[in-house]
Amino acid sequence: MVLERREMDGIGLTMQKKAAELERLAEVLVTGEQLRLRLHEGKVIKDRRHHLRTYPNCFVAKELIDWLIEHKEASDRDTAIKIMQKLLDQCIVHHVCDEHREFKDMKLFYRFRKDDGTFPLDSEAKVFMRGQRIYEKMMNTENSLLQTREEEGGTFERTLVASEFIDWLLQEGEMATREEAEQLARRLLEHGIIQHVTNKHHFVDGPLLYQFRMNFRRRRRLIELLHERGRCIPESHDSPFCLRKQNSDGGNTSFLSVSPTKEIKVVTGVRRSSMSSSCGSSGYYSSSPTLSSSPPVLCNPKSVLKRQVSPEELQTPGGPFIKKTFTIVGDAVGWGFVVRGSKPCHIQAVDPGGPAAAAGMKVCQFVVSVNGLNVLSHDYRTVSNLILTGPRTIVMEVMEEV
């Protein structure tokens with residue numbers, strides 16, 4: 001059943017209004033939880049005694065700042081304090097006796113609220129934590145729910161059929177009735193955790209296809225918490241795609257986009273966790289403030305290809321193309337390249353300082369496979385989404401003209 005246009009317009013306005021706020025909340029919750037687990041694993045969090053009293057599951061602020069610098073999560077002590085203050089302000093951590101509202105570089109005991117049961121579970125936090133649990137459960141169990149499927153003439157990777165997703169939620173005991181399960185799925189969509197493959201429909205119990213938009217397993221860097229996102233602007237079909245941040249330490253949070261003429265143009269960027277060519281999956285740009293007050297520069301880079309080739313031409317024995325394989329480990333910003341085109345896709349741009357360039361990727365190469373899956377018949381949006389919803393380390397096969 002397709003929603004009326006008026007209802008969809010209302011959904012779009014609501015999601016656009018809350019997008020920045022919900023994205024910030026999600027990043028803080030997921031990043032904070034990843035840090036908590038790492039600190040437990042590293043024995044930084046443990047039971048400690050002070051004045052004949054034992055404080056379970058806490059850490060020493062001064063020692064934690066040392067740990068953040070040692071593990072390159074912060075460049076200096078001031079930055080580390082700002083990161084932890086962000087987590088304290090968001091009620092992720094607190095002083096064990098709630099006597100300090102500021103995170104201090106001293107021998108004071110702090111604790112994650114999740115470790116002492118004081119985490120404030122408001123409705124927004126509950127949805128994200130529920131979505132993360134469902135995501136992990138689905139990824140850790142063997143099932144056939146996530147498959148490559150077609151809808152509206154397009155092929156999409158790792159999709160869920162809405163009705164099958166409802167069946168799974170009931171089978172796993174996540175909800176008691178189909179109505180409750182559908183309401184849960186709608187909340188997951190409204191919070192940006194799942195989405196319709198073409199972003200045209202809300203969640204409906206039926207044959208429509210949906211994908212996880214949020215990759216909870218992506219390793220977040222704590223420094224990301226200090227970069228605020230601004231207002232949202234709509235994306236055009238040929239919008240520029242961010243590669244990497246221009247200045248990771250300063251206040252300028254714009255991104256670089258490389259055009260076919262090798263010019264560097266500053267454009268507002270999508271969320272730092274996204275692969276550069278996947279902006280269309282969310283339907284929005286998250287623009288970031290620049291040092292100047294000038295508006296963002298938008299450009300429509302043309303294809304770098306001199307001519308388009310077919311999958312058959314690429315695979316012709318004895319042809320003018322050779323195959324190369326790259327293993328690319330994404331960093332906190334992304335993988336550092338742009339995919340464009342269709343059947344097959346090609347590499348439109350490569351960040352000279354990014355992981356892809358370090359692996360040997362170059363412009364004009366044609367994408368053959370991603371993590372063992374042949375993508376010669378897919379467009380760039382499908383390939384981008386496949387990478388975004390997969391592991392941080394990707395193995396790509398490309399064809400390069402001799």
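None of the values given here were measured: they were computed from a predicted structure.
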Distance in Å, Lys104 NZ paired with Leu88 CG, rounded so as to fall on 0.5 Å steps: 11.5 Å
Would you say Phe203 and Ile194 make side-chain contact, with heavy atoms under 4.5 Å? yes
Side chains of Trp168 and Leu160: does their closest heavy-atom pair fall under 4.5 Å? no
Quick one: pull up CD in Glu73 and CG in Leu225 and give me the separation to the nearest 0.5 Å. 9.5 Å
Can you sort out the partners of Phe212 under ring-ring contact (aromatic ring centres under 6.0 Å, His included), two or more places apart, ordered by chain and number? Tyr135
In terms of heavy-atom contacts, Asp379 and Cys345 come closest through C-SG, 3.3 Å
Any non-hydrogen side-chain atom of Leu87 less than 4.5 Å from a side-chain atom of Phe103? no
Applying side chain to side chain contact (heavy atoms under 4.5 Å, CB included) to Thr31 and Leu222, what does each step give before you reach the verdict? CA-CA 7 Å; Thr31 305; Leu222 294 172; 3.4 Å; yes
Kindly indicate whether the side chain of Phe128, heavy atoms from C-beta on, has any atom under 4.5 Å from the side chain of Ile193. yes
Is a side-chain donor or acceptor of Gln211 paired with a backbone partner of Glu157 at a separation under 3.5 angstrom? yes
Pairs involving residues 63-88, ordered by first then second residue, that meet ring pair (Phe, Tyr, Trp, His ring centres under 6.0 Å) (sequence neighbours left out): Trp67-His71
Is there a side-chain contact between Thr79 and Leu226 in this structure, where contact means two heavy atoms from C-beta onward sitting under 4.5 Å apart? yes
Trace of the side chain to side chain contact (heavy atoms under 4.5 Å, CB included) decision for Phe165 with Ile134: CA-CA 11 Å; Phe165 184 42; Ile134 289 173; 4.2 Å; yes
Take Phe337 and Gln365, measure what side chain to side chain contact (heavy atoms under 4.5 Å, CB included) needs, and give me the verdict at the end. CA-CA 11 Å; Phe337 64 97; Gln365 292 172 334; over 6 Å; no
Run the ring-ring contact (aromatic ring centres under 6.0 Å, His included) test against His100 and tell me which residues pass, sequence neighbours left out. His95
Let me confirm one number: the OH-CG distance from Tyr210 to Leu146, rounded to the nearest 0.5 Å. 15.0 Å
Which heavy-atom pair separates Arg77 from Asp66 by the least distance, and what is that distance? NH1-OD1, 2.7 Å
List in chain and number order the residues that pass side-chain contact (heavy atoms from CB on, under 4.5 Å) with Pro56, two or more places apart in sequence or in another chain; answer none if no residue qualifies. Asp47, Arg111
pair Phe366-Glu401: side-chain heavy atoms closer than 4.5 Å: no
Residues at least two apart in sequence or cross-chain that pass side-chain contact (heavy atoms from CB on, under 4.5 Å) with Thr327, listed by chain then number, are Thr393, Val395
Supply the atom-to-atom distance Phe112 CZ to Leu35 CG, rounded to the nearest 0.5 angstrom. 4.0 Å
Set of side chain to side chain donor-acceptor pair (under 3.5 Å) partners for Arg36, sequence neighbours left out: Glu33, Asp115
Side chain to side chain contact (heavy atoms under 4.5 Å, CB included) for Ile92 and Leu29? Distances and angles first, verdict last. CA-CA 8 Å; Ile92 305 297; Leu29 290 174; 4.0 Å; yes
For residues 52-64, pull every pair meeting salt bridge (Lys or Arg N to Asp or Glu O under 4.0 Å), keeping only residues two or more places apart or in separate chains. Arg48-Glu63
With a 4.5 Å cut-off on side-chain heavy atoms, are Met84 and Leu68 touching? yes
Go through the structure and list residues passing side-chain contact (heavy atoms from CB on, under 4.5 Å) with Glu151, not counting sequence neighbours. Phe156, His196, Val197, Leu208, Leu209
Does the side chain of Glu190 come under 3.5 Å of the side chain of His202 through a donor N or O and an acceptor N or O? yes
Applying salt bridge (charged side-chain N to carboxylate O under 4.0 Å, His left out) to Glu180 and not counting sequence neighbours gives none
If the threshold is 4.0 Å, N to carboxylate O, is there a salt bridge linking Arg178 and Asp167? yes
Is a side-chain N or O of Gln85 found less than 3.5 angstrom from the main chain of Arg101, in a donor-acceptor match? yes
Closest approach of Pro344 and Val309, non-hydrogen atoms and distance? CD-O, 3.2 Å
Can you tell if the side chain of Val368 reaches within under 4.5 Å of the side chain of Phe321, non-hydrogen atoms only? no
Sequence neighbours excluded, which residues qualify as side-chain contact (heavy atoms from CB on, under 4.5 Å) partners of Val375? Val367, Val370, His378, Val383, Leu386
Would you mind writing out the side-chain donor-acceptor pairs for residues 355-362 within the sub-3.5 Å range, not counting sequence neighbours?
none

Flag the pair Glu313 and Arg307 as a salt bridge only when some basic side-chain nitrogen lies within less than 4.0 angstrom of an acidic carboxylate oxygen. yes
Carboxylate-amine/guanidinium proximity below 4.0 Å for Asp98 and Arg113: yes
Arg130: partners by salt bridge (charged side-chain N to carboxylate O under 4.0 Å, His left out), with sequence neighbours left out: Glu174
Nearest 0.5 Å, please: how far is CD in Glu182 from CD in Glu179? 8.0 Å
